[in-house]
Asker: 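I am attaching a structure below and will ask some questions about it afterwards.
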Amino acid sequence: MYRLACMLLMVFSATTAIASESLLVGKVVPTFRLPDETNREVDFGVFIDRPTIIYFTENSCHYCTQIIALLKRAEAKFGKDNLRIIGINVMARDYKLVKAYKEELGFTFPMFAGNRYDVLKTYRINYVPVLVFVDSRRIIRKVVGHYMLEPELHQTIREILQR
Amino acid sequence: MLSRRGFLKSSFLLAGYALTGLNTISLASDIKDTDVRSVTLEITYTTEILRPPKQKGIDIWIPLPQTDMEQEISSLVIDSPVKYSTEESGQNRMVYLRADRFNEGDRVSIHYTLRRKATGTITIPDVIPQQYLKPSEWERWDSNITAFVDRVVGKEKNPIRIGRLLYDAIIDRSTYVHKVCGRGVSTLFFEEKVGRCDEFHALFRSMMMYKGIPVRWEQGVALPYPSRIKKEGEFEADCINAHSWVRFYTGNGRWFPVDVSEAKRRPDLRDYYFGRLVPNRMKVSTGRGIMLSPKQEGIINTFAYTYMEAGGLPAIYGHNYKNTIRYKLLDMEV
(Lines give C-alpha, C1' and ligand atoms only; values in the text may rest on other atoms or scores of the structure.)
Protein backbone atom coordinates (compact mmCIF):
# COMPACT_ATOMS: atom_id res chain seq x y z
CA MET A 1 0.00 0.00 0.00
CA TYR A 2 2.83 2.36 1.00
CA ARG A 3 4.71 1.50 -2.21
CA LEU A 4 1.57 2.16 -4.26
CA ALA A 5 1.10 5.53 -2.56
CA CYS A 6 4.74 6.43 -3.26
CA MET A 7 4.37 5.43 -6.91
CA LEU A 8 1.19 7.50 -7.26
CA LEU A 9 2.91 10.44 -5.65
CA MET A 10 5.83 10.13 -8.08
CA VAL A 11 3.47 9.98 -11.07
CA PHE A 12 1.46 12.97 -9.93
CA SER A 13 4.59 14.91 -9.02
CA ALA A 14 5.96 14.35 -12.50
CA THR A 15 2.80 15.52 -14.21
CA THR A 16 2.41 18.41 -11.80
CA ALA A 17 5.84 19.56 -12.84
CA ILE A 18 4.64 19.65 -16.42
CA ALA A 19 1.43 21.43 -15.50
CA SER A 20 3.05 24.09 -13.34
CA GLU A 21 5.25 25.11 -16.24
CA SER A 22 2.14 26.41 -18.03
CA LEU A 23 2.73 29.74 -19.70
CA LEU A 24 -0.60 30.91 -18.27
CA VAL A 25 0.62 30.97 -14.66
CA GLY A 26 1.02 34.53 -13.38
CA LYS A 27 -1.19 36.03 -16.07
CA VAL A 28 -4.62 37.64 -15.79
CA VAL A 29 -7.27 35.04 -16.53
CA PRO A 30 -8.57 35.31 -20.13
CA THR A 31 -12.33 35.15 -20.52
CA PHE A 32 -14.75 34.51 -23.37
CA ARG A 33 -18.42 34.83 -24.17
CA LEU A 34 -19.76 31.27 -24.40
CA PRO A 35 -23.19 29.62 -24.38
CA ASP A 36 -24.41 28.40 -21.00
CA GLU A 37 -26.96 25.64 -20.48
CA THR A 38 -29.86 28.03 -21.16
CA ASN A 39 -28.35 29.06 -24.52
CA ARG A 40 -27.40 32.53 -23.27
CA GLU A 41 -24.04 33.86 -24.43
CA VAL A 42 -22.29 34.90 -21.22
CA ASP A 43 -18.81 36.24 -20.55
CA PHE A 44 -17.70 33.72 -17.94
CA GLY A 45 -15.42 36.42 -16.54
CA VAL A 46 -18.42 37.87 -14.68
CA PHE A 47 -18.29 34.82 -12.40
CA ILE A 48 -14.63 35.29 -11.52
CA ASP A 49 -15.35 37.58 -8.56
CA ARG A 50 -13.64 35.35 -5.97
CA PRO A 51 -11.03 32.57 -6.02
CA THR A 52 -12.07 30.34 -8.88
CA ILE A 53 -11.38 26.97 -10.47
CA ILE A 54 -12.00 26.84 -14.21
CA TYR A 55 -12.45 23.18 -15.06
CA PHE A 56 -12.03 21.90 -18.62
CA THR A 57 -13.73 18.55 -19.14
CA GLU A 58 -15.60 16.43 -21.67
CA ASN A 59 -18.00 13.47 -21.82
CA SER A 60 -15.71 10.57 -22.77
CA CYS A 61 -13.17 11.01 -19.98
CA HIS A 62 -13.62 8.88 -16.86
CA TYR A 63 -11.14 10.86 -14.77
CA CYS A 64 -12.99 14.04 -15.73
CA THR A 65 -16.27 12.59 -14.49
CA GLN A 66 -14.61 11.68 -11.20
CA ILE A 67 -13.24 15.20 -10.79
CA ILE A 68 -16.77 16.62 -11.04
CA ALA A 69 -17.56 14.71 -7.84
CA LEU A 70 -14.45 16.16 -6.18
CA LEU A 71 -15.43 19.68 -7.24
CA LYS A 72 -18.95 19.27 -5.88
CA ARG A 73 -17.49 18.23 -2.53
CA ALA A 74 -14.94 21.06 -2.59
CA GLU A 75 -17.69 23.60 -3.27
CA ALA A 76 -19.62 22.29 -0.26
CA LYS A 77 -16.52 22.19 1.96
CA PHE A 78 -15.10 25.64 1.20
CA GLY A 79 -18.44 27.38 0.56
CA LYS A 80 -19.86 28.97 -2.57
CA ASP A 81 -19.16 32.44 -1.16
CA ASN A 82 -15.44 31.67 -0.94
CA LEU A 83 -14.82 29.50 -3.97
CA ARG A 84 -16.24 29.71 -7.49
CA ILE A 85 -16.21 26.77 -9.83
CA ILE A 86 -16.74 27.20 -13.57
CA GLY A 87 -16.97 24.26 -15.94
CA ILE A 88 -16.04 24.36 -19.63
CA ASN A 89 -17.13 21.33 -21.65
CA VAL A 90 -14.67 21.13 -24.55
CA MET A 91 -16.88 18.64 -26.41
CA ALA A 92 -19.91 20.94 -26.37
CA ARG A 93 -20.57 23.24 -29.31
CA ASP A 94 -23.93 24.43 -28.00
CA TYR A 95 -26.01 24.57 -24.85
CA LYS A 96 -27.75 21.21 -25.24
CA LEU A 97 -24.80 19.06 -24.25
CA VAL A 98 -23.98 21.36 -21.33
CA LYS A 99 -27.56 21.16 -20.07
CA ALA A 100 -27.64 17.36 -20.33
CA TYR A 101 -24.18 17.05 -18.70
CA LYS A 102 -25.24 19.18 -15.72
CA GLU A 103 -28.50 17.28 -15.30
CA GLU A 104 -26.79 13.90 -15.44
CA LEU A 105 -24.06 14.75 -12.95
CA GLY A 106 -26.24 16.92 -10.74
CA PHE A 107 -24.11 19.97 -10.10
CA THR A 108 -25.17 23.61 -9.93
CA PHE A 109 -22.02 25.57 -10.74
CA PRO A 110 -22.01 27.30 -14.13
CA MET A 111 -20.83 25.41 -17.18
CA PHE A 112 -20.26 26.61 -20.74
CA ALA A 113 -19.96 25.09 -24.19
CA GLY A 114 -16.24 25.42 -24.89
CA ASN A 115 -15.52 23.54 -28.10
CA ARG A 116 -14.11 26.64 -29.76
CA TYR A 117 -10.60 26.90 -31.16
CA ASP A 118 -9.83 30.35 -29.75
CA VAL A 119 -10.78 29.26 -26.24
CA LEU A 120 -8.82 26.02 -26.43
CA LYS A 121 -5.81 27.71 -27.98
CA THR A 122 -5.77 30.48 -25.39
CA TYR A 123 -5.98 28.00 -22.51
CA ARG A 124 -3.71 25.53 -24.36
CA ILE A 125 -6.16 22.68 -23.91
CA ASN A 126 -5.00 19.69 -25.94
CA TYR A 127 -6.24 17.14 -23.45
CA VAL A 128 -8.49 16.92 -20.43
CA PRO A 129 -8.87 17.09 -17.48
CA VAL A 130 -7.34 20.53 -16.93
CA LEU A 131 -7.96 22.64 -13.83
CA VAL A 132 -7.02 26.33 -13.83
CA PHE A 133 -6.71 27.88 -10.36
CA VAL A 134 -7.36 31.62 -10.24
CA ASP A 135 -6.89 33.85 -7.19
CA SER A 136 -9.12 36.71 -5.99
CA ARG A 137 -7.11 39.19 -8.11
CA ARG A 138 -7.96 37.16 -11.24
CA ILE A 139 -4.38 35.93 -11.59
CA ILE A 140 -3.82 32.32 -12.67
CA ARG A 141 -1.80 30.64 -9.93
CA LYS A 142 -1.68 27.03 -11.08
CA VAL A 143 -2.70 24.86 -14.01
CA VAL A 144 -3.07 21.13 -13.38
CA GLY A 145 -3.40 18.86 -16.39
CA HIS A 146 -4.22 15.50 -14.83
CA TYR A 147 -6.45 13.78 -12.30
CA MET A 148 -6.06 15.24 -8.82
CA LEU A 149 -6.34 13.41 -5.56
CA GLU A 150 -8.68 15.18 -3.14
CA PRO A 151 -5.98 16.28 -0.62
CA GLU A 152 -3.97 17.88 -3.45
CA LEU A 153 -7.09 19.62 -4.76
CA HIS A 154 -7.93 20.97 -1.30
CA GLN A 155 -4.36 22.13 -0.71
CA THR A 156 -4.37 24.03 -4.00
CA ILE A 157 -7.73 25.60 -3.17
CA ARG A 158 -6.34 26.76 0.17
CA GLU A 159 -3.43 28.37 -1.67
CA ILE A 160 -5.70 30.47 -3.90
CA LEU A 161 -7.99 31.34 -0.97
CA GLN A 162 -5.02 32.74 0.97
CA ARG A 163 -3.87 35.09 -1.80
CA MET B 1 6.68 -19.83 -38.68
CA LEU B 2 7.88 -20.48 -35.18
CA SER B 3 11.57 -21.21 -34.83
CA ARG B 4 12.59 -24.28 -32.84
CA ARG B 5 14.17 -22.11 -30.17
CA GLY B 6 11.14 -19.84 -30.06
CA PHE B 7 8.79 -22.80 -29.91
CA LEU B 8 10.68 -24.31 -27.01
CA LYS B 9 10.79 -20.99 -25.18
CA SER B 10 7.08 -20.21 -25.53
CA SER B 11 6.06 -23.84 -24.87
CA PHE B 12 8.10 -23.85 -21.69
CA LEU B 13 6.53 -20.61 -20.53
CA LEU B 14 2.97 -21.65 -21.29
CA ALA B 15 3.58 -25.04 -19.63
CA GLY B 16 4.83 -23.11 -16.64
CA TYR B 17 1.56 -21.22 -16.47
CA ALA B 18 -0.44 -24.40 -16.65
CA LEU B 19 1.59 -26.03 -13.90
CA THR B 20 1.52 -23.12 -11.51
CA GLY B 21 -2.04 -22.07 -12.21
CA LEU B 22 -1.12 -18.45 -11.52
CA ASN B 23 -2.66 -15.68 -13.57
CA THR B 24 -0.18 -13.03 -12.58
CA ILE B 25 2.94 -14.45 -14.12
CA SER B 26 4.84 -11.83 -16.02
CA LEU B 27 6.99 -12.74 -18.98
CA ALA B 28 9.15 -9.69 -18.34
CA SER B 29 12.42 -11.46 -17.79
CA ASP B 30 11.96 -14.03 -20.52
CA ILE B 31 10.56 -12.39 -23.62
CA LYS B 32 11.96 -9.58 -25.72
CA ASP B 33 9.08 -7.58 -27.18
CA THR B 34 10.70 -7.29 -30.58
CA ASP B 35 11.15 -11.09 -30.82
CA VAL B 36 7.43 -11.80 -30.56
CA ARG B 37 5.84 -12.59 -33.90
CA SER B 38 2.24 -12.83 -32.75
CA VAL B 39 0.03 -12.88 -29.71
CA THR B 40 -3.29 -14.75 -29.64
CA LEU B 41 -5.86 -13.65 -27.11
CA GLU B 42 -9.41 -14.64 -26.26
CA ILE B 43 -11.14 -11.28 -25.85
CA THR B 44 -14.40 -10.31 -24.19
CA TYR B 45 -15.29 -6.66 -24.78
CA THR B 46 -18.19 -5.53 -22.59
CA THR B 47 -20.16 -2.30 -22.48
CA GLU B 48 -22.16 -2.02 -19.26
CA ILE B 49 -24.85 0.48 -18.38
CA LEU B 50 -23.93 2.03 -15.03
CA ARG B 51 -26.71 4.62 -14.74
CA PRO B 52 -29.31 4.78 -17.50
CA PRO B 53 -29.23 8.26 -19.06
CA LYS B 54 -32.14 10.51 -18.14
CA GLN B 55 -32.84 11.27 -21.79
CA LYS B 56 -34.89 8.71 -23.70
CA GLY B 57 -33.73 7.14 -26.93
CA ILE B 58 -30.37 5.45 -26.44
CA ASP B 59 -28.07 4.68 -29.37
CA ILE B 60 -24.93 2.58 -28.89
CA TRP B 61 -22.17 1.98 -31.43
CA ILE B 62 -19.40 -0.50 -30.57
CA PRO B 63 -16.38 -0.77 -32.90
CA LEU B 64 -15.75 -4.23 -34.32
CA PRO B 65 -12.15 -5.13 -35.07
CA GLN B 66 -11.61 -6.67 -38.49
CA THR B 67 -9.30 -9.19 -40.02
CA ASP B 68 -6.63 -7.57 -42.15
CA MET B 69 -2.91 -7.99 -42.83
CA GLU B 70 -2.04 -7.12 -39.24
CA GLN B 71 -4.52 -9.20 -37.26
CA GLU B 72 -7.00 -12.07 -37.47
CA ILE B 73 -10.39 -12.01 -35.78
CA SER B 74 -12.28 -15.30 -35.38
CA SER B 75 -15.02 -16.97 -33.31
CA LEU B 76 -17.00 -13.72 -33.05
CA VAL B 77 -20.08 -13.97 -30.78
CA ILE B 78 -22.26 -11.03 -29.70
CA ASP B 79 -24.46 -11.14 -26.56
CA SER B 80 -26.95 -8.30 -26.25
CA PRO B 81 -30.05 -7.66 -24.13
CA VAL B 82 -31.72 -5.94 -27.11
CA LYS B 83 -31.80 -6.45 -30.83
CA TYR B 84 -28.65 -5.32 -32.59
CA SER B 85 -27.31 -4.97 -36.11
CA THR B 86 -23.84 -5.11 -37.59
CA GLU B 87 -23.11 -2.01 -39.63
CA GLU B 88 -20.40 -0.72 -41.93
CA SER B 89 -19.38 2.86 -42.58
CA GLY B 90 -16.39 3.58 -44.75
CA GLN B 91 -13.64 1.22 -43.66
CA ASN B 92 -15.13 0.66 -40.24
CA ARG B 93 -17.47 -1.99 -38.83
CA MET B 94 -19.58 -1.68 -35.73
CA VAL B 95 -22.37 -3.19 -33.67
CA TYR B 96 -25.35 -0.86 -33.36
CA LEU B 97 -28.11 -1.01 -30.76
CA ARG B 98 -31.06 1.25 -30.13
CA ALA B 99 -33.60 1.20 -27.33
CA ASP B 100 -35.84 3.71 -25.58
CA ARG B 101 -34.15 2.85 -22.32
CA PHE B 102 -31.57 0.47 -20.94
CA ASN B 103 -31.51 -0.78 -17.37
CA GLU B 104 -28.71 -0.44 -14.88
CA GLY B 105 -26.43 -3.43 -15.27
CA ASP B 106 -27.43 -4.20 -18.86
CA ARG B 107 -24.41 -5.51 -20.73
CA VAL B 108 -23.47 -5.97 -24.34
CA SER B 109 -20.57 -8.39 -24.71
CA ILE B 110 -18.56 -9.21 -27.80
CA HIS B 111 -16.41 -12.34 -27.66
CA TYR B 112 -13.72 -13.13 -30.21
CA THR B 113 -10.27 -14.50 -30.70
CA LEU B 114 -7.61 -12.03 -31.77
CA ARG B 115 -4.31 -13.03 -33.34
CA ARG B 116 -2.28 -9.86 -33.52
CA LYS B 117 0.94 -10.03 -35.51
CA ALA B 118 4.13 -8.00 -35.38
CA THR B 119 3.94 -6.00 -38.58
CA GLY B 120 6.04 -3.83 -40.79
CA THR B 121 5.36 -2.27 -44.17
CA ILE B 122 2.22 -3.66 -45.79
CA THR B 123 0.96 -3.42 -49.34
CA ILE B 124 -2.59 -2.23 -49.91
CA PRO B 125 -3.03 -2.32 -53.67
CA ASP B 126 -6.56 -0.97 -54.20
CA VAL B 127 -6.31 2.23 -52.21
CA ILE B 128 -6.01 5.72 -53.69
CA PRO B 129 -3.23 7.24 -51.54
CA GLN B 130 -4.37 10.82 -52.19
CA GLN B 131 -7.46 10.30 -50.03
CA TYR B 132 -5.03 10.22 -47.08
CA LEU B 133 -3.84 13.73 -47.79
CA LYS B 134 -7.07 15.14 -46.39
CA PRO B 135 -6.59 16.44 -42.84
CA SER B 136 -9.25 16.02 -40.18
CA GLU B 137 -10.47 19.15 -38.41
CA TRP B 138 -7.86 18.50 -35.70
CA GLU B 139 -4.90 18.30 -38.05
CA ARG B 140 -3.70 21.67 -39.30
CA TRP B 141 -0.35 23.07 -40.22
CA ASP B 142 0.18 26.73 -39.46
CA SER B 143 3.19 28.85 -40.36
CA ASN B 144 5.06 27.74 -37.22
CA ILE B 145 4.71 24.09 -38.21
CA THR B 146 5.59 24.60 -41.86
CA ALA B 147 8.69 26.64 -40.93
CA PHE B 148 9.75 23.88 -38.53
CA VAL B 149 9.21 21.15 -41.14
CA ASP B 150 11.09 23.09 -43.79
CA ARG B 151 14.02 23.55 -41.43
CA VAL B 152 14.09 19.87 -40.34
CA VAL B 153 13.51 18.30 -43.74
CA GLY B 154 15.50 20.68 -45.92
CA LYS B 155 15.67 19.47 -49.51
CA GLU B 156 15.05 15.81 -48.69
CA LYS B 157 12.55 14.18 -51.08
CA ASN B 158 12.57 10.53 -50.01
CA PRO B 159 9.39 9.80 -47.98
CA ILE B 160 11.10 7.40 -45.59
CA ARG B 161 13.97 9.78 -44.87
CA ILE B 162 11.49 12.66 -44.43
CA GLY B 163 9.47 10.47 -42.10
CA ARG B 164 12.53 9.63 -40.00
CA LEU B 165 13.61 13.26 -39.72
CA LEU B 166 10.17 14.33 -38.52
CA TYR B 167 9.77 11.26 -36.26
CA ASP B 168 13.03 12.11 -34.49
CA ALA B 169 12.25 15.82 -34.33
CA ILE B 170 8.85 15.24 -32.69
CA ILE B 171 10.26 12.73 -30.18
CA ASP B 172 13.11 15.03 -29.24
CA ARG B 173 10.97 18.12 -28.61
CA SER B 174 7.93 16.54 -26.89
CA THR B 175 6.95 15.10 -23.54
CA TYR B 176 4.61 12.13 -23.17
CA VAL B 177 1.83 12.30 -20.58
CA HIS B 178 -0.31 9.23 -19.98
CA LYS B 179 -3.39 9.61 -17.77
CA VAL B 180 -5.24 12.19 -19.82
CA CYS B 181 -7.72 12.14 -22.69
CA GLY B 182 -6.12 13.75 -25.71
CA ARG B 183 -7.84 15.82 -28.35
CA GLY B 184 -5.12 15.31 -30.93
CA VAL B 185 -4.85 18.89 -32.19
CA SER B 186 -1.59 19.25 -34.09
CA THR B 187 -1.12 23.01 -33.71
CA LEU B 188 -1.71 22.97 -29.96
CA PHE B 189 0.64 20.01 -29.50
CA PHE B 190 3.30 21.75 -31.54
CA GLU B 191 3.12 24.74 -29.18
CA GLU B 192 2.56 22.92 -25.90
CA LYS B 193 4.87 19.94 -26.61
CA VAL B 194 2.98 17.74 -24.14
CA GLY B 195 0.54 15.01 -25.09
CA ARG B 196 -0.09 11.35 -25.70
CA CYS B 197 -0.56 9.18 -28.78
CA ASP B 198 -3.23 11.24 -30.54
CA GLU B 199 -1.21 14.43 -30.15
CA PHE B 200 2.03 12.85 -31.39
CA HIS B 201 0.35 11.31 -34.42
CA ALA B 202 -1.81 14.31 -35.28
CA LEU B 203 1.37 16.36 -35.51
CA PHE B 204 3.30 13.72 -37.44
CA ARG B 205 0.40 13.29 -39.87
CA SER B 206 0.04 17.06 -40.33
CA MET B 207 3.75 17.49 -41.02
CA MET B 208 3.86 14.62 -43.51
CA MET B 209 0.72 15.81 -45.31
CA TYR B 210 2.26 19.26 -45.59
CA LYS B 211 5.13 17.54 -47.43
CA GLY B 212 2.57 15.83 -49.69
CA ILE B 213 2.96 12.36 -48.17
CA PRO B 214 -0.33 10.49 -47.53
CA VAL B 215 -0.78 9.16 -43.98
CA ARG B 216 -3.39 6.67 -42.69
CA TRP B 217 -4.62 7.00 -39.11
CA GLU B 218 -5.00 3.62 -37.42
CA GLN B 219 -7.02 3.56 -34.23
CA GLY B 220 -6.96 0.83 -31.68
CA VAL B 221 -6.66 -0.21 -28.09
CA ALA B 222 -3.37 -0.73 -26.31
CA LEU B 223 -2.72 -4.27 -25.09
CA PRO B 224 0.01 -5.15 -22.60
CA TYR B 225 3.47 -5.58 -24.08
CA PRO B 226 4.30 -9.26 -24.69
CA SER B 227 7.03 -9.01 -22.05
CA ARG B 228 4.50 -7.88 -19.47
CA ILE B 229 1.32 -9.64 -20.48
CA LYS B 230 -0.31 -11.94 -17.95
CA LYS B 231 -2.15 -15.18 -18.50
CA GLU B 232 -5.39 -13.27 -17.94
CA GLY B 233 -6.12 -9.60 -17.51
CA GLU B 234 -8.73 -6.88 -17.59
CA PHE B 235 -8.67 -3.18 -18.34
CA GLU B 236 -11.01 -0.40 -19.40
CA ALA B 237 -11.55 0.38 -23.05
CA ASP B 238 -11.60 4.15 -22.67
CA CYS B 239 -9.66 7.19 -23.75
CA ILE B 240 -6.77 6.31 -21.43
CA ASN B 241 -6.23 2.89 -23.01
CA ALA B 242 -7.09 3.90 -26.56
CA HIS B 243 -4.04 3.94 -28.79
CA SER B 244 -3.33 5.33 -32.25
CA TRP B 245 -0.49 4.94 -34.72
CA VAL B 246 -0.07 5.85 -38.39
CA ARG B 247 1.17 4.48 -41.71
CA PHE B 248 2.59 6.69 -44.41
CA TYR B 249 2.77 6.00 -48.11
CA THR B 250 6.13 5.17 -49.66
CA GLY B 251 4.96 4.35 -53.20
CA ASN B 252 3.84 1.25 -55.12
CA GLY B 253 0.98 0.51 -52.72
CA ARG B 254 3.28 0.27 -49.70
CA TRP B 255 2.38 1.75 -46.29
CA PHE B 256 5.13 2.20 -43.69
CA PRO B 257 4.13 2.10 -39.98
CA VAL B 258 5.35 4.41 -37.22
CA ASP B 259 4.39 4.69 -33.59
CA VAL B 260 5.90 7.99 -32.51
CA SER B 261 4.43 8.10 -29.00
CA GLU B 262 5.49 4.56 -28.10
CA ALA B 263 8.96 5.37 -29.40
CA LYS B 264 8.96 8.27 -26.95
CA ARG B 265 7.82 6.03 -24.10
CA ARG B 266 10.20 3.21 -24.99
CA PRO B 267 13.54 4.71 -26.03
CA ASP B 268 14.89 1.16 -26.43
CA LEU B 269 12.37 0.68 -29.27
CA ARG B 270 12.96 4.02 -30.99
CA ASP B 271 14.50 2.48 -34.09
CA TYR B 272 12.07 -0.45 -34.06
CA TYR B 273 8.95 1.72 -34.04
CA PHE B 274 10.07 3.44 -37.20
CA GLY B 275 8.85 0.76 -39.58
CA ARG B 276 7.66 -2.02 -37.22
CA LEU B 277 4.87 -2.47 -34.69
CA VAL B 278 4.95 -4.72 -31.62
CA PRO B 279 1.77 -6.86 -31.25
CA ASN B 280 0.73 -4.92 -28.15
CA ARG B 281 -2.34 -3.42 -29.80
CA MET B 282 -5.60 -4.25 -31.49
CA LYS B 283 -6.80 -2.16 -34.41
CA VAL B 284 -10.50 -1.32 -34.25
CA SER B 285 -11.02 1.50 -36.75
CA THR B 286 -9.36 3.71 -39.35
CA GLY B 287 -9.40 7.48 -39.63
CA ARG B 288 -10.58 10.48 -37.61
CA GLY B 289 -13.74 12.55 -37.72
CA ILE B 290 -15.72 9.31 -37.94
CA MET B 291 -19.20 8.98 -39.38
CA LEU B 292 -20.98 5.98 -37.88
CA SER B 293 -23.84 3.92 -39.28
CA PRO B 294 -26.54 4.93 -38.71
CA LYS B 295 -25.15 8.44 -38.51
CA GLN B 296 -24.58 9.80 -35.03
CA GLU B 297 -25.51 13.33 -33.91
CA GLY B 298 -22.26 14.16 -32.13
CA ILE B 299 -18.74 14.62 -33.50
CA ILE B 300 -16.44 11.65 -33.07
CA ASN B 301 -12.75 12.47 -33.03
CA THR B 302 -11.63 8.81 -33.06
CA PHE B 303 -13.56 5.55 -32.71
CA ALA B 304 -11.58 3.40 -30.31
CA TYR B 305 -14.33 2.23 -27.98
CA THR B 306 -18.09 2.35 -27.49
CA TYR B 307 -19.86 5.59 -28.32
CA MET B 308 -23.26 6.19 -26.77
CA GLU B 309 -25.85 8.90 -27.33
CA ALA B 310 -28.92 9.65 -25.24
CA GLY B 311 -31.53 11.79 -26.92
CA GLY B 312 -29.00 12.57 -29.64
CA LEU B 313 -26.33 13.80 -27.20
CA PRO B 314 -23.14 12.02 -26.14
CA ALA B 315 -23.61 10.07 -22.89
CA ILE B 316 -21.05 10.39 -20.10
CA TYR B 317 -18.36 7.74 -19.86
CA GLY B 318 -17.81 6.46 -16.34
CA HIS B 319 -21.22 7.75 -15.28
CA ASN B 320 -23.72 6.32 -17.77
CA TYR B 321 -21.62 3.46 -19.08
CA LYS B 322 -18.27 1.74 -18.94
CA ASN B 323 -16.32 -0.55 -21.26
CA THR B 324 -14.13 -3.42 -20.15
CA ILE B 325 -11.79 -5.69 -22.05
CA ARG B 326 -11.01 -9.08 -20.51
CA TYR B 327 -8.37 -11.22 -22.17
CA LYS B 328 -6.90 -14.68 -21.88
CA LEU B 329 -3.52 -15.36 -23.40
CA LEU B 330 -3.89 -18.37 -25.69
CA ASP B 331 -0.61 -18.31 -27.55
CA MET B 332 2.52 -16.32 -28.13
CA GLU B 333 4.63 -16.98 -31.18
CA VAL B 334 8.28 -16.09 -30.74
Side-chain angles (χ1 to χ4, degrees), chain A residues 8 11-12 14-19 21-24 56-69 89-107 113-115 117-131 143-148, chain B residues 50-55 137-138 140 142 175-199 202-203 236-242 297-302 304-323:
Chain A
L8 281 170
V11 169
F12 289 130
T15 44
T16 304
I18 292 163
E21 289 166 10
S22 171
L23 298 175
L24 292 166
F56 291 87
T57 183
E58 55 119 307
N59 289 44
S60 67
C61 163
H62 199 170
Y63 284 136
C64 301
T65 309
Q66 292 170 339
I67 287 177
I68 290 285
N89 189 320
V90 306
M91 188 185 251
R93 296 194 172 175
D94 63 34
Y95 76 99
K96 292 177 200 159
L97 187 58
V98 172
K99 184 168 183 279
Y101 190 86
K102 285 188 69 168
E103 285 174 359
E104 280 290 339
L105 296 180
F107 60 87
N115 192 346
Y117 189 73
D118 57 344
V119 178
L120 300 172
K121 182 174 168 61
T122 301
Y123 276 95
R124 312 172 83 86
I125 306 296
N126 210 14
Y127 51 78
V128 288
V130 174
L131 298 100
V143 180
V144 175
H146 58 76
Y147 180 76
M148 291 185 88
Chain B
L50 301 175
R51 297 172 191 84
K54 293 187 170 76
Q55 302 255 14
E137 69 172 86
W138 302 276
R140 308 167 186 214
D142 58 18
T175 300
Y176 184 89
V177 58
H178 182 47
K179 300 283 186 186
V180 295
C181 294
R183 299 178 56 250
V185 180
S186 55
T187 49
L188 294 181
F189 180 57
F190 182 78
E191 288 178 25
E192 201 68 358
K193 302 177 189 167
V194 179
R196 59 191 303 272
C197 53
D198 288 355
E199 287 68 59
L203 183 57
E236 273 189 62
D238 64 353
C239 57
I240 303 292
N241 291 312
E297 294 291 329
I299 294 162
I300 301 187
N301 187 323
T302 58
Y305 45 85
T306 302
Y307 176 68
M308 181 188 294
E309 288 186 348
L313 297 167
I316 302 171
Y317 185 80
H319 175 76
N320 297 127
Y321 69 107
K322 180 180 171 182
N323 310 313

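Numbers restart at 1 for each chain; the letters A, B, ... are given by sequence-line order, proteins then strands.
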Asker: Does any non-hydrogen side-chain atom of B:His319 lie less than 4.5 Å from one of A:Leu105?
Answerer: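 They are in contact (side-chain heavy atoms under 4.5 Å apart), so the answer is yes.
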Asker: So for B:Asn301, is it side chain, backbone, both, or neither that comes closer than 4.5 Å to the heavy atoms of chain A?
Answerer: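 Neither the backbone nor the side chain of B:Asn301 comes within 4.5 Å of chain A.
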Asker: What part of B:Ala202 gets closer than 4.5 Å to chain A, counting heavy atoms only: side chain, backbone, both or neither?
Answerer: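 Neither part.
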Asker: So which atom in A:Glu58 and which in A:Met91 form the shortest heavy-atom distance, rounded to 0.1 Å?
Answerer: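 Closest pair (atom of A:Glu58, atom of A:Met91, distance): OE1-CE, 3.6 Å.
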Asker: Sort B:Tyr305 into side chain, backbone, both or neither according to what part of it lies under 4.5 angstrom from a heavy atom of chain A.
Answerer: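 Looking at B:Tyr305, just its side chain touches chain A.
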Asker: Please tell me whether B:Asn323 and B:Thr306 have a donor and an acceptor in their side chains that are separated by less than 3.5 angstrom.
Answerer: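 There is such a pair between these side chains.
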Asker: Using a 4.5 angstrom heavy-atom cutoff, name the option from B:Arg196, B:Lys322, B:Glu137, B:Met308 with the most pairs to chain A.
Answerer: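 Maximum pair count with chain A is reached by B:Glu137.
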Asker: Got a salt bridge between B:Arg183 and B:Glu192, using NZ or NE/NH1/NH2 to carboxylate O under 4.0 Å?
Answerer: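 B:Glu192 and B:Arg183: not salt-bridged.
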Asker: One thing to verify: whether B:Arg51 and A:Glu104 come together as a salt bridge, which I'm taking to mean a side-chain N less than 4.0 angstrom from a carboxylate O.
Answerer: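 No.
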Asker: Side chain, backbone, both or neither: which part of A:Tyr117 has an atom under 4.5 Å from a heavy atom of chain B?
Answerer: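 Contact with chain B: side chain only.
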Asker: With a 4.5 angstrom heavy-atom cut-off, is it the side chain or the backbone of A:Ser60 that approaches chain B, or both, or neither?
Answerer: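 Contact with chain B: backbone and side chain both.
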Asker: With a 4.5 Å cut-off on heavy-atom pairs, point out which of B:Pro314, B:Gly298, B:Gly311 contacts chain A the most.
Answerer: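 Counting heavy-atom pairs under 4.5 Å, the top option is B:Pro314.
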Asker: Let me know if A:Ile68 has heavy atoms under 4.5 Å from chain B in its side chain, its backbone, both or neither.
Answerer: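 Neither part; nothing is under 4.5 Å.
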Asker: Would you say B:Glu199's side chain and B:Gly184's backbone share a donor-acceptor pair under 3.5 angstrom?
Answerer: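 Checking the backbone N and O of B:Gly184 against the side chain of B:Glu199, a donor-acceptor pair under 3.5 Å is found.
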